[in-house]
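Note sheet for the following structure.
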4 protein chains.
Amino acid sequence: MKRARTDEAKEDRRAALLKAALDTFYEHGFRAARMDDIARRAGVSKGAVYLYFDSKDALFEALIEDLATPNIERAEAIMRSAPSFDMAVTQFAAFAPYMLQETDLPKLMKILVGDSQFFPDVISNYRRNNLERLIGALKTLLTEAHARGEIDAPDADLTARLIVAPMAFAGMWQAVFGRDPEAAMDLPALFALHAANIRKALRPEAPE
Amino acid sequence: MKRARTDEAKEDRRAALLKAALDTFYEHGFRAARMDDIARRAGVSKGAVYLYFDSKDALFEALIEDLATPNIERAEAIMRSAPSFDMAVTQFAAFAPYMLQETDLPKLMKILVGDSQFFPDVISNYRRNNLERLIGALKTLLTEAHARGEIDAPDADLTARLIVAPMAFAGMWQAVFGRDPEAAMDLPALFALHAANIRKALRPEAPE
Amino acid sequence: MKRARTDEAKEDRRAALLKAALDTFYEHGFRAARMDDIARRAGVSKGAVYLYFDSKDALFEALIEDLATPNIERAEAIMRSAPSFDMAVTQFAAFAPYMLQETDLPKLMKILVGDSQFFPDVISNYRRNNLERLIGALKTLLTEAHARGEIDAPDADLTARLIVAPMAFAGMWQAVFGRDPEAAMDLPALFALHAANIRKALRPEAPE
Amino acid sequence: MKRARTDEAKEDRRAALLKAALDTFYEHGFRAARMDDIARRAGVSKGAVYLYFDSKDALFEALIEDLATPNIERAEAIMRSAPSFDMAVTQFAAFAPYMLQETDLPKLMKILVGDSQFFPDVISNYRRNNLERLIGALKTLLTEAHARGEIDAPDADLTARLIVAPMAFAGMWQAVFGRDPEAAMDLPALFALHAANIRKALRPEAPE
DNA sequence: GATGAATGAGAATTCATTCAT
DNA sequence: TATGAATGAATTCTCATTCAT
């Protein structure tokens, strides 16, 4: 393999290793994943992996770290920029299928669930810095819309979780059954229906 | 260890091994789980496990087989026996927290997700014989209620999945973050709200 | 299994175990042979084997002990009773195929060769008490015939071994390739030819 | 252990492993031989063996493969190059003790006999490609000499086997009793006598 | 920096032997 | 006596990690 002398080349190789690790962990699980496979998939020798990561554990931790941040920031931006609750819900319904089908999110979800036991701290951080932050942003949105009388959602926390739930459901479904064409789901339709349901369920009752 | 000479004593031991396997697979994942630990947890020697199961794989498969059936039958019974759609939703909202907190369902879910790659057939069967069957039963309920004009749910399949989604969400959450008290969720409240949302979202629009 | 209360019943069971052991050791070798298989083949429970033999080793030793003696005595009798060297050779040529085809001798040979390393004493005894005794008897026969001028065999020891060699050859062949019909040999013809060769080779040269 | 980086160094290590395997299988038999012992005897670690051979079985098969070919070719060359039947027999008588005392042939013979049950195909191939080929070469020699009137050997096949028999006998004797000095045989004398016997036995009878 | 050969701890599985019934 | 469930030592093979080249 050519030597990665420049910083940029090093960064590329690091990224290739993380992508290879993601796919390998997804396909085999953390324990069954072989460093050798990850190395080969990244087009690098076994020994070279250790030039970039101290250990298999460190590789896993770096992987989660790396994948976590971008998504959450995008989601927060959507919620902050939406002019109304309805618009936010609409955008969420459009964004969710994309996330589940075009990004590595389902793979990440499966890895987090399947291998969480090895890295309690990583998992705990992920929950706090990503899931709770996402739910928190949703809660803010709900609370403000409720205050404006736009929706009727007295319990913002639980409501936020119910809004998010289909993403968890569809993501896991994708991750676990995704290879089986028989199990395919129409995600855009699912989330469009979900958005409609949410809007209707949160619609303030017209006063008599 | 005392010897299990009667069929009943053998059945008890088999059950103890399955319970030990469930807990060990849940805590460590299939690959990292040591047969020795499973044996010790069930109070028998390493070798004894092999008197009851041919291999670690066979133990896993027996475990899924064993845990799968009872739940689904209970759920189907609930749906069939409910006099109205509203009642069914109410019962579901009461049943879900129990399932998630008092049974091994979340552990099973985590194992299925985390170790699905090792047993594609087992996972595929589980989807067909359990998840799709549960969704199917819900669809029937929805279709009939829709026909009666009780609800407005033109797409029964996706609606069923949206009804089920919070169970997947809460189950995985429980399984992955359950040990962390900070992450606790009020499941009865969550499902009560979910039931209310569902009822409102599916309520037929009053004709003009 | 019925209990073997009488001495005769015990002896029968012991013999059944030895026969089962012979076949199992022959088929799998000492190390790979499972006590369970031997027991089952003898129609006895695993534990019962230990009522008759202290250990797998003891079973092996008893087996060799048991099978050794009868054959050698028969062979010695033949040689002692033959009126002439020619007759002895003729009888040997007739006896050898029978031994190789109708008795367990080839199985015994294979076991001795294949598992000799585990029991150096057993093997050493077998050589002394059986092989060397057989060769010794042949030597006596040769020496006496030579003294009578019936044959010309100055080196009785080596001659005896050369006479015996085809039995070793055919026995091992049988034991190793016997299952393969393609490898079959016409043993009666082989030994008839051997006898003829021996007679001709040992015929005293006519003095000029 | 120093690392074998060149192809040559790797070939050397492979050969060292095969030699270690031969000795270990000879001493303990296939089943009782420990991979660890083979590795240690070759001066490498347990894991290193698996860099050269996929499994214990593969190591065994490679061993037989490796040892089979050279001997047979040498023997065939001898028979083809001999100017007369008598010369061929003389050379055979000189060659046999060397093969039995200076090469690994007896060890190979013991392994083939003792562990034949594990590898029926290997054993079957060995018979066809080595033993039958050797016997075939001898048959050709006998048939041609018979046709020339040099010898009287109407049944070339059986005669060939009788010529070869003492090698089998002495080889097994060597392999099984070789460690015991008390059991030593004078192989050069044995084969010299055998050659003399063969020549005399096959000498055409003078016409009346 | 990069490689891949070597290491050795670790885990599944087998089976002789024991012993409660 | 007879059984067969239970034990645990032993053995094969894997793979993260190291380090000579």
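Everything quoted here is computed from the prediction, not taken from an experiment. In what follows, chains are A, B, ... by sequence order, proteins preceding strands, each numbered from 1.
Distance, D36(B) CG to dT7(F) C1': 12 Å, rounded to whole Å. One can place CZ of R34(C) at 8 Å from P of dA16(E), the figure rounded to the nearest angstrom. Taking atom CG on D37(A) and atom P on dC15(F), their separation rounds to 9 Å, with Å as the unit. We find that CG of D12(D) is positioned 15 Å from P of dA5(E), with the value rounded to whole Å. In this structure, M35(D) atom CE and dT14(E) atom C1' are separated by 17 Å, rounded to whole Å. When rounded to the nearest whole Å, the span between CD of E11(D) and C1' of dA5(E) equals 16 Å. One can place CZ of R14(A) at 15 Å from P of dA2(E), the figure rounded to the nearest angstrom. Distance, H28(A) NE2 to dA16(F) C1': 16 Å, rounded to whole Å.
Taking only side-chain atoms of S55(D), from C-beta outward, the nucleotide of dC13(F), dT7(E), dA16(F) with the closest atom is dC13(F). Side-chain atoms of S45(B) lie closest to dT7(F) of the nucleotides dA12(E), dT7(F), dT3(F). Closest approach to the Y50(B) side chain among dT13(E), dA6(E), dC15(F) is made by dT13(E) (side chain taken as heavy atoms from C-beta onward). For K56(D), the listed nucleotide lying nearest its side chain is dT12(F); candidates were dG4(F), dA6(E), dT12(F).
In this model, the phosphate group of dT1(F) is approached by a side-chain N or O of K10(C) to a distance below 4.0 Å at OP1 or OP2. Taking 4.0 angstrom as the limit, Y52(D) places a side-chain polar atom (N or O) nearer than this to OP1 or OP2 of dA6(E). In this model, the phosphate group of dA2(F) is approached by a side-chain N or O of R13(C) to a distance below 4.0 Å at OP1 or OP2. For R31(B), a side-chain nitrogen or oxygen approaches OP1 or OP2 of dC15(F) to under 4.0 Å. OP1 and OP2 of dG4(E) both lie 4.0 Å or more from every side-chain N or O belonging to K46(A).
Atom CG of D57(A) sits in a crowded spot, with more than 12 heavy atoms from other residues, nucleotides or ligands closer than 6.0 Å. For D12(D), the CG atom counts as densely surrounded, since its 6.0 Å shell holds more than 12 non-hydrogen atoms of other residues, nucleotides or ligands.
Here L67(C) pairs with L22(C), L63(C), L108(C) under the side chain to side chain contact (heavy atoms under 4.5 Å, CB included) rule; sequence neighbours left out.
At a threshold of 4.0 angstrom between heavy atoms, the contacts of A33(C) are confined to the sugar-phosphate backbone, with no base atom among them.
Checked for salt-bridge contact, R41(A) and E27(A) meet the test: a charged N lies under 4.0 Å from a carboxylate O. A salt bridge is absent between R31(D) and D115(D); no separation between the charged side-chain nitrogens and carboxylate oxygens falls under 4.0 Å.
In terms of position on DNA chain E, the residue among A32(B) and D54(C) whose nearest nucleotide sits closer to the 5' end is A32(B). Comparing L51(B) and G47(D) by the nucleotide of DNA chain F that holds the closest heavy atom to each, the one mapping nearer the 5' end is L51(B).
Residues F60(C) and F53(C) place their aromatic rings such that the two centres sit no closer than 6.0 Å.
In this entry dA9(F) has dT14(E) as its Watson-Crick or G-U wobble partner, both defining distances falling under 3.5 Å. Across every strand in view, dA20(E) sits in a pair with dT3(F) that passes the Watson-Crick or G-U test at under 3.5 angstrom.
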